[in-house]
Protein chains: 2
Amino acid sequence: MSSEQSRKLTIYDLAKLANSSPSTVSAVLNGTWQRRRISRKLAKRILELAEREGYSTNMQARALRRDRSGILGMILPLYDNRYFSSIAQVFEAEARRRGIFTIVSCTNRDPAQEREAARMMLAYRVEHLICTGATDPDAIAEMCGAAGIASLNLDLPGTAAPSVISANREGARRLTDALLDRLEARRADAARVLFIGGRAEDHNTRERIEGFRQARERRGLATAPTDIVTCDYAAEKAQAALEAYVGREGRLPAAMFVNSTISLEGIVRWLRLGGHDVNDIIMGCFDWDPLAAAFHPRLIMMRQDVPTMIARLFDWIDVPPEDPASRLEVMPEIVGDPAQVRVAG
Amino acid sequence: MSSEQSRKLTIYDLAKLANSSPSTVSAVLNGTWQRRRISRKLAKRILELAEREGYSTNMQARALRRDRSGILGMILPLYDNRYFSSIAQVFEAEARRRGIFTIVSCTNRDPAQEREAARMMLAYRVEHLICTGATDPDAIAEMCGAAGIASLNLDLPGTAAPSVISANREGARRLTDALLDRLEARRADAARVLFIGGRAEDHNTRERIEGFRQARERRGLATAPTDIVTCDYAAEKAQAALEAYVGREGRLPAAMFVNSTISLEGIVRWLRLGGHDVNDIIMGCFDWDPLAAAFHPRLIMMRQDVPTMIARLFDWIDVPPEDPASRLEVMPEIVGDPAQVRVAG
DNA sequence: AATAGTTGCACAACCGATTGCGCATTCATA
DNA sequence: TATGAATGCGCAATCGGTTGTGCAACTATT
């Protein structure tokens, strides 16, 4: 609050001002002064001085000496949907609550960018690295392992580090059940249900497909390969895939299991452009977006339980699981389908 | 790639392995070896050794010695809309392209959190601090000034640091023009246009209101205080505000200028819950969301030009403006209104 | 062959905090 | 009045890079 020194104030400056020593100032400022038997009086004087002079600890120096950065790193595919942005926000909020600093980096679902981001995070000596939705989590876990840094997977599981993920199969089963219930209520053809979006090679998509298949099987419905279109997540891809599907089948599907809000964007756009009423198709989306809910109240969505997922993640940060390949599934919540409330239990 | 040492490899280790000295290894690894006249042969040998042993520079040590962290900091209100998430992504991508590391922190439009985040960023000795949509940018600029760190404002302007913002007034004028054009085409009552959302105390909202007012004035339309409802951004607030407005006026507005996608969410939800057709009201939104566009093709949106804004920001990071209170306005683009294409020029 | 310039590298002092250790006082006890 | 313990604090080494400076060895010049 006082002088606008361009050289930042250090503990050495404070020590001089307080007629004390750097080690004492350090102990006072980092809270270890009681253990070091610094008198309360002196501690108080130094704290006031630091406050008055606007001292701020040089975290680089502290990190270097302590060999701990006090930073938690996270890599993330993107920020631009509610699921990932909420992951970033909740993660940051929880870390802040614990006085830990966070660094988040978007890697655009690109393995090369993932590796590069991980390399930087390791150079900054993050204490843990959270890999969210990583395309190649094991590669990163291996890098972290070599550097002696713990890594954790979120959203997509790996085999080389503990993973917190959504209960994709069970969630998909419930979402599919909700779609089928609606179809029955409408007396529509339950055969024409389309699963669209996602990547055939990613774990979540495979699990959701399996849940989709199982839910149908339990009602005696077969699932043909053409019922499933894993066209990647992008809106344009979903749009083109739906167009192709409709061209092939000659008509719209009766219901759709849309594998992300970004795919939903393409689907809805294509339907509107083609003059279709979105309400004519029963739609479920495995992800949640309140704006979509506002526009389309009959849309059924699976909202992944981000707060719980992050909480479990921090549990493992606090106490690493014995098994490095531990996998924890967190149940997502169905939204927008009142009829489902009893079924979900 | 070799041993899984738990102690991280340092330049001292490499120096021993290479029969060289730490200073030489350092120069080789940080690229200053030519200036230090290290032979190409030795440099090559050391680089290969470092690669083989999986060396990674301890950035804390480097930052401490250089007195520069190589980190760019940004504070942001939220990630969860397309505007802010895109700011974070584009900012990070551009920084990455330049080999600079970034730290982004969400501060929930809360001045206390803003200050706390800034304090942490300064403790980590970020080289610049970008304050995006800060409620109190000048307070942060002052903190940065005292620490001898340059700060820049984005989205919301301040008086104590250079600011890159959207051309809110002109953008609002154009958006309002588009609404009024549609109203005329529909021969609807141009008096019943509602401006809704935002904060009366924030600069952007004030500017947009002024643009709104001017556009109407130019067509001979007066703007009453009741035509403007700055109920904050939250969906629930917008929902409640619209309900109150309709209760007061006895009918829906003919058109609405919605001041953010988050407010739009509340508006649309209220309309759907009340059984209204969103197409009955001519709507413009000052912000852009592709999912909203997909659901509501007649919605007119102002898409803020994030890439240009970030580019200008980096221009000022490279070459600080002479005037610390410089302000640069970047024109947003109107989306979803084909008729506007010629008017926009 | 003596001198000057160049090449190639190592020494050692930092950067700012942390922390094991030790030394002077003061206090309690015998 | 000695003696042991407790109190209060400072010294100095250390974390891992960076960088000004200096010194050999070698090359070019006269």
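Just so we're clear, the structure is a prediction, and the values are computed from it rather than from any experiment.
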Report task. Determine yes or no for a side-chain-to-main-chain donor-acceptor pair under 3.5 angstrom, with B/Arg82 supplying the side chain and A/Asp80 the backbone. Result -> yes
Query raised in the report: Whole Å only: how far is the CZ atom of B/Arg65 from the P atom of D/dT19?
Result: 7 Å
Report task. May I have the distance from B/Lys16 (atom NZ) to C/dC9 (atom P), rounded to whole angstrom? Result -> 20 Å
Report task. Could you tell me whether a side-chain N or O of A/Glu114 sits under 3.5 Å from a main-chain N or O of A/Thr135, the two making a donor and an acceptor? Result -> yes
Query raised in the report: Will you find, in the side chains of B/Tyr55 and B/Asp13, an N or O donor that is under 3.5 Å from an N or O acceptor?
Result: no
Report task. Could you pick out which residue, B/Thr10 or A/Leu42, lies toward the 5' side of DNA chain D when each is mapped onto its nearest nucleotide? Result -> A/Leu42
Query - Candidates A/Leu313, A/Ile149, A/Leu72, A/Ile100 - the one meeting side chain to side chain contact (heavy atoms under 4.5 Å, CB included) with A/His128 - result: A/Leu72
Report summary line: From CD of A/Gln60 across to P of D/dT14 the rounded distance in Å is 23 Å
**Report entry** Distance in angstrom units between B/Asp13 CG and D/dG16 P, rounded
**Finding:** 8 Å
Report task. Would you mind reading off the distance between A/Arg125 atom CZ and D/dG16 atom P, rounded to a whole angstrom? Result -> 9 Å
Query raised in the report: Do any of residues 21-41 of chain A sit with a heavy atom less than 4.0 Å from DNA chain D, and if so which?
Result: A/Ser21, A/Ser23, A/Thr24, A/Arg36, A/Arg37, A/Ile38, A/Ser39
Query raised in the report: What about A/Arg62, does its side chain sit under 3.5 Å from the base of C/dT18 through a donor-acceptor pair?
Result: no
Report task. Answer yes when B/Glu116 and B/Arg119 have at least one side-chain N-carboxylate O distance shorter than 4.0 Å, and no when they do not. Result -> yes
Requested in this report: State whether B/Tyr12 places a side-chain N or O below 4.0 Å from either non-bridging phosphate oxygen (OP1 or OP2) of D/dT14.
Outcome: no
Query raised in the report: Roughly, in whole Å, what's the span from CZ in B/Arg66 to C1' in C/dA13?
Result: 18 Å
Report task. Using whole Å, report how far CD1 of A/Ile11 lies from P of D/dG10. Result -> 12 Å
Requested in this report: Take atom CG of A/Leu64 and atom P of C/dA17, then tell me their distance rounded to the nearest Å.
Outcome: 12 Å
Query raised in the report: When you check the side-chain N and O atoms of A/Ser26 and A/Arg36, is any donor under 3.5 Å from an acceptor?
Result: no
Query raised in the report: Is the ring centre of A/Tyr79 less than 6.0 Å from the ring centre of B/Tyr79?
Result: yes
